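Note that the structure is predicted; figures quoted are calculated from it, not measured.
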Amino acid sequence: MTTTVTVRLDEKTRRELEQVAEEMGESVSEVVRKAIHLAWFTTMQERMRKESAEIANDPAEREEAERIREWARYLAS
């Protein structure tokens, strides 16, 4: 499935997009697709950081993690 998106760009953004496309040797569409993928990836990384911080700050989660580490050490011995 292909979706067409119309975006209004200011002059500065249009020039930057064209420059990036030229530097990468790719079409403007491909550069936009890659930018969307990068934005998604960055968003997911930030979500994982937040969730990890929440888990790290939860005493019950830290206790569970310690039990898992002890079990792993036992298995490794």
Side-chain angles (χ1 to χ4, degrees):
M1 180 179 98
T2 301
T3 301
T4 301
V5 177
T6 301
V7 180
R8 288 188 176 96
L9 302 176
D10 58 36
E11 188 61 29
K12 178 179 182 274
T13 305
R14 185 193 59 76
R15 281 193 316 270
E16 291 169 346
L17 178 58
E18 289 173 355
Q19 182 179 357
V20 169
E22 185 178 327
E23 289 285 330
M24 294 176 71
E26 295 181 348
S27 69
V28 167
S29 291
E30 185 60 27
V31 171
V32 171
R33 279 192 289 275
K34 286 182 176 185
I36 291 168
H37 293 308
L38 180 59
W40 174 85
F41 182 77
T42 302
T43 301
M44 294 301 104
Q45 279 186 316
E46 184 57 30
R47 179 190 293 177
M48 287 188 288
R49 279 189 205 98
K50 286 178 184 176
E51 290 175 1
S52 295
E54 289 171 8
I55 290 169
N57 291 322
D58 182 329
E61 294 288 350
R62 285 197 313 267
E63 186 177 309
E64 176 68 14
E66 184 53 36
R67 284 196 300 271
I68 292 169
R69 281 191 291 275
E70 287 174 12
W71 181 70
R73 283 191 292 267
Y74 170 77
L75 291 176
S77 61

Please tell me whether Val5 and Val28 are part of a single hydrophobic cluster in this structure, the criterion being side-chain heavy atoms less than 4.5 Å apart.
yes
The reported gap from CG in Asp10 to CD in Glu16 (rounded to nearest 0.5 angstrom) is 8.0 Å
Q.
Looking at Glu23, I'd like to know if its CD atom is crowded, meaning that more than 12 non-hydrogen atoms belonging to other residues, nucleotides or ligands lie closer than 6.0 Å.
A. no
Val31 and Ala21 have their tightest heavy-atom pair at CG2-CA, 3.5 Å
dist Met48:CE -> Thr43:OG1 (nearest 0.5 Å) comes out at 10.5 Å
To the nearest 0.5 Å, atom CZ of Arg49 lies from atom CD of Glu54 at 14.0 Å
d(Glu46 CD, Met44 CE) to nearest 0.5 Å is 10.5 Å
When Glu66, Arg67, Glu61 are each screened for side-chain contact (heavy atoms from CB on, under 4.5 Å) with Glu63, the one that passes is Arg67
CD1 (Ile55) and CD (Glu51) are apart, to the nearest 0.5 Å, by 6.5 Å
Verdict with reasoning, Ile68 to Glu64, per side chain to side chain contact (heavy atoms under 4.5 Å, CB included): CA-CA 6 Å; Ile68 292 169; Glu64 176 68 14; 3.9 Å; yes
(Q) Pair Lys34, Glu26 - check side chain to side chain contact (heavy atoms under 4.5 Å, CB included), show working. (A) CA-CA 10 Å; Lys34 286 182 176 185; Glu26 295 181 348; 2.7 Å; yes
Cluster question for you: counting only ILVMFWY and a side-chain heavy-atom cut-off of under 4.5 Å, with indirect links fine, are Val32 and Phe41 together?
-> no
